[in-house]
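Throughout, a chain's letter reflects where its sequence line sits, starting with A, and its residues are numbered from 1.
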2 protein chains.
Amino acid sequence: MEEYAVIFNQYLNHKGLKLTKPRRCILDTVFSMHTHFNAEELYDKIRGKTSSISLATVYRTIPLLLDAGLVQRALRSEGRERYEHIFGHPKHIHWLCRNCGDLMETDLNTLYPILEKQAQDLKFKPESIELNVKGLCWKCIPIENEKQSDEK
Amino acid sequence: MEEYAVIFNQYLNHKGLKLTKPRRCILDTVFSMHTHFNAEELYDKIRGKTSSISLATVYRTIPLLLDAGLVQRALRSEGRERYEHIFGHPKHIHWLCRNCGDLMETDLNTLYPILEKQAQDLKFKPESIELNVKGLCWKCIPIENEKQSDEK
DNA sequence: TGTAATGTTGTGAATGATTTTCAATACAAA
DNA sequence: TTTGTATTGAAAATCATTCACAACATTACA
């Protein structure tokens, strides 16, 4: 059994729940995708496979995966929650271009010492971190500059 | 005219829009609140005042305030977007307790140098930053520990 | 083997925040 | 005044997410 499945199984047992076939299928699909996804995209991906699982079950399973620490919330977009699995995948900073929608990621590690210091001071026990920066990517900075000179 | 109103006015002019009475009222209400708010709470606050403004107008004005850089998105909660005005109000880190829902804030400034370095490397022009940490606050850590020993 | 007890699922309906539509209005420029 | 354009409130529409419920699956145990 894959490591993520072991973790999910342990989590479910701990909660008195079972690793059923639909849950297993959703889990595998989540870990087969190496991009961010929303509930519908996940559902579509599963429909491509043999077994059909209802959208409700997908929605019901996501909170379990979050709670198990296997999936984290990513930048919400187009009115939908987005997620990504965490597995060998260190937490990162999301850089979202407001013009072209491109998403880049960088490492969060360098920020940890500072955050840990603050957490200590607050006596806060962090469980998840989300750092999103919005702005313009290098491709869109020139476009924006043109716009401004047009308006002059 | 207050500084924030000047800024909003400039922004609107720039876009060929006008600072109407409803917009002015929403703007003032936003800046009279020094906590996070969602659209409905903002609407309720306005209803307390004389002029009545429709919820639709509130929803229509929020994106303008965001785009003008006067308001920023805060931690979404209970299925609703939340906002806060930015004015002499340095950007901050949000620490949300998943147990009691308490929200604490700390300063983001110490992280800027690192973020700026990364932005330079990416050639990214940041416009807004959102850093959310979820976990347990000092009041709830002991409660959680009790739970765990109960389960043994 | 039967039979509770309990968790799980799919279907379809409900919910509820946010957007959109539309007709009426305000207001500036000509 | 006339014309054009932005703005508004009210009501309806949208649409992601959750819920209700009846049918199943699985286990424990008589």
Side-chain angles (χ1 to χ4, degrees), chain A residues 5 8-30 36-47 49-68 71 73-84 151, chain B residues 5 8-30 36-68 71-83:
Chain A
F8 196 37
N9 197 25
Q10 279 174 354
Y11 165 80
L12 290 171
N13 285 335
H14 178 77
K15 288 261 168 181
L17 306 174
K18 290 165 218 155
L19 183 51
T20 60
K21 226 177 274 180
R23 281 179 185 150
R24 181 67 212 243
C25 175
I26 291 166
L27 178 73
D28 286 336
T29 310
V30 162
H36 298 183
F37 58 88
N38 61 36
E40 193 94 24
E41 284 162 2
L42 177 53
Y43 177 60
D44 286 344
K45 187 96 181 215
I46 290 167
R47 274 164 67 181
K49 301 186 179 181
T50 45
S51 47
S52 84
I53 287 169
S54 79
L55 186 55
T57 300
V58 171
Y59 272 109
R60 277 189 285 238
T61 306
I62 290 172
L64 298 175
L65 293 168
L66 284 172
D67 200 31
V71 164
R73 230 176 280 273
L75 213 52
R76 194 182 156 82
S77 114
E78 289 161 355
R80 293 160 163 221
E81 299 286 350
R82 310 199 105 247
Y83 308 91
E84 63 191 326
E151 282 163 11
Chain B
F8 196 37
N9 197 24
Q10 280 174 356
Y11 165 80
L12 291 170
N13 285 335
H14 178 78
K15 288 260 167 182
L17 306 175
K18 291 165 220 157
L19 184 50
T20 61
K21 225 178 276 180
R23 282 179 185 151
R24 181 67 211 244
C25 176
I26 291 166
L27 179 73
D28 286 338
T29 309
V30 162
H36 299 184
F37 58 88
N38 60 36
E40 193 95 24
E41 285 163 1
L42 177 53
Y43 176 61
D44 286 343
K45 186 97 180 213
I46 289 166
R47 272 163 68 179
K49 301 185 177 180
T50 45
S51 47
S52 85
I53 287 168
S54 79
L55 185 54
T57 300
V58 171
Y59 271 108
R60 278 190 283 238
T61 305
I62 290 172
L64 298 175
L65 293 168
L66 284 172
D67 199 31
V71 163
Q72 70 182 352
R73 231 175 279 274
L75 212 52
R76 193 180 156 82
S77 113
E78 289 162 353
R80 292 160 164 219
E81 298 286 350
R82 310 199 104 248
Y83 308 90

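- Residue-level contact check: B:Glu40 touches neither bases nor backbone, having no heavy atom under 4.0 Å from any strand.
- Rounding to whole angstrom units, NZ of residue B:Lys15 and C1' of D:dT5 are separated by 17 Å.
- Rounded to an integer number of Å, the gap from CG of A:Leu64 to C1' of D:dT18 is 14 Å.
- Between the CG atom of A:Leu55 and the C1' atom of D:dC19 there is a distance of 13 Å, given to the nearest Å.
- Between the P atom of C:dT11 and the CZ atom of A:Arg47 lies a distance of 11 Å, rounded to the nearest Å.
- For A:Arg60 against C:dG10, a side-chain N or O and a base N or O form a donor-acceptor pair under 3.5 Å.
- For the pair A:Glu78 CD and D:dA16 C1', the interatomic distance rounds to 13 Å; values are reported in whole Å.
- In this structure, CD1 of A:Ile53 is placed 11 Å from C1' of C:dG10, rounded to the nearest angstrom.
- For the pair B:Lys21 NZ and D:dT8 C1', the computed distance is 13 Å after rounding to whole Å.
- Closest heavy-atom contact between A:Cys25 and A:Ile46: SG-CG2, 4.0 Å.
- Side-chain proximity of A:Lys18 to the nucleotides C:dG7, C:dA17, D:dT17 is greatest for C:dG7.
- Of the charged side-chain nitrogens involved, none lies within less than 4.0 Å of a carboxylate oxygen, so that A:Arg80 and A:Glu41 do not count as a salt-bridged pair.
- Atom OH in A:Tyr59 sits roughly 15 Å away from atom P in C:dG10 (whole-Å rounding).
- Without hydrogens or angle criteria, B:Arg76 side chain to B:Gly79 main chain gives a donor-acceptor distance under 3.5 Å.
- When only modelled atom types and interatomic distance are considered, A:Tyr11 and A:Asp67 share a side-chain donor-acceptor pair under 3.5 Å.
- Residue B:Arg80 places none of its side-chain N or O atoms closer than 4.0 Å to OP1 or OP2 of C:dG16.
- For B:Thr20, the listed nucleotide lying nearest its side chain is D:dT8; candidates were C:dG12, D:dG9, D:dT8.
- When each of A:Leu17 and A:Ala56 is assigned the nucleotide of DNA chain C bearing its nearest heavy atom, the one mapping closer to the 5' terminus is A:Leu17.
- Ion pairing between A:Arg73 and A:Glu84 fails under the 4.0 Å rule for side-chain N and carboxylate O.
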